[in-house]
Amino acid sequence: MPRLQADADPSRWVAVTGSLGLRGRRHRKAAIRMLLGQGSRMMGGQGRGSGLLAWTLSQAAPLMLRRADGRVLVWVWKDDPELVVVAAQVQEITPQLRAARAMMPMEYDDTEPFQGAYLGMGEKLVLDRPDAAGAPPMAEYTWDTGAHFVTVTALCGDPQRFGTVIGAVDALARIVRLTDDLRVTETTGVLRLGPA
């Protein structure tokens with residue numbers, strides 16, 4: 001299974017993937033609290049995430065992401081981790097997954113072309129005024145490689161500030177790439193492949 005890789009700008013993003021222990025703990029907890037609050041708001045609640053639940057999930061998140069073995073990468077905004085969370089995911093394409101994507105609501109048809117530096121031409125969807133009450137603004141970037149879907153999803157905790165971070169999210173989505181191990185048994189040494 002291919003793995004995802006992206007060299008996110010460390011002055012803007014904090015990686016949740018691989019941030020075990022105390023490193024990145026404050027950012028993880030704040031981002032999870034924002035996501036829990038958004039979920040609460042969508043279900044008619046007050047829009048505040050539980051501090052204890054956020055802390056518990058912030059401790060478990062790096063271990064869960066490590067088990068994903070590079071199939072999921074997550075970043076939060078460095079200056080304000082409750083502002084935006086970005087997750088990249090690679091999934092093997094199955095007939096069921098293609099059918100599920102074909103049956104998505106009509107607003108998911110309003111995509112525009114989006115050029116990735118490594119993945120080529122994909123699609124970008126921005127829902128900055130979701131119809132569902134309390135739904136957060138989001139952007140989704142999708143590439144179909146033929147065998148896999150690569151999806152980058154950004155959720156914003158503040159609808160008023162979504163426009164201020166979408167450029168940085170575009171830049172992050174643009175540098176996501178797939179890597180895979182190639183086994184070469186008939187030669188010794190190192191096989192170097194040039195950039196695609």
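Each residue takes its place number in the sequence, starting with 1. As the structure is a computational prediction, the values presented were derived from the model and not from experiment. No hydrogens, no waters, no symmetry mates; every other heavy atom, side chains included, goes into these values.
When all heavy atoms of P137 and P159 are compared, the pair lying nearest together is CG-CA, 3.7 Å. Closest approach of G163 to I166, counting heavy atoms only: O-CG2, 3.6 Å. Across P113 and M121, no two heavy atoms sit closer than the pair CB-SD, 3.8 Å. Residue D7 comes nearest to Q5 through the heavy atom pair OD1-NE2, 4.2 Å, listed as atom of the first residue, atom of the second, then distance. For W75 against A8, the heavy-atom pair with the smallest separation is NE1-CB, 3.5 Å. The two residues A173 and V152 make their nearest non-hydrogen contact at CB-CG1, 4.1 Å.
Residue L119 holds its CG atom at 11.0 Å from CD1 of I175, rounded to the nearest 0.5 Å. Of the inter-residue distances, the one linking R3 atom CZ with T179 atom OG1 reads 5.0 Å to the nearest 0.5 angstrom. In this structure, L73 CG and L172 CG are separated by 9.0 Å, a value rounded to the nearest 0.5 Å. Atoms CG and OG1, on L83 and T164 in that order, are 6.0 Å from each other to the nearest 0.5 Å.
Residues satisfying the salt bridge (Lys or Arg N to Asp or Glu O under 4.0 Å) test with D110, not counting sequence neighbours, are none. Residues that satisfy the salt bridge (Lys or Arg N to Asp or Glu O under 4.0 Å) test with R101, not counting sequence neighbours, are absent from this structure. The salt bridge (Lys or Arg N to Asp or Glu O under 4.0 Å) check on R174 picks up nothing, with sequence neighbours excluded. Residues passing the ring-ring contact (aromatic ring centres under 6.0 Å, His included) test with F162: none are found, sequence neighbours excluded. Residues passing the side chain to side chain donor-acceptor pair (under 3.5 Å) test with D170, sequence neighbours excluded: K124, Y141. R12 meets the side-chain contact (heavy atoms from CB on, under 4.5 Å) test with D9, W77, A168; sequence neighbours excluded.
Between Q89 and F149 the shortest side-chain heavy-atom distance does not fall below 4.5 Å. The closest side-chain heavy-atom distance from F114 to L125 is not below 4.5 Å. At least one side-chain heavy atom of L178 sits under 4.5 Å from a side-chain heavy atom of L4.
Placement of L155 and M104 within a single hydrophobic cluster is found when ILVMFWY residues are connected by side-chain heavy-atom separations under 4.5 Å, directly or transitively.
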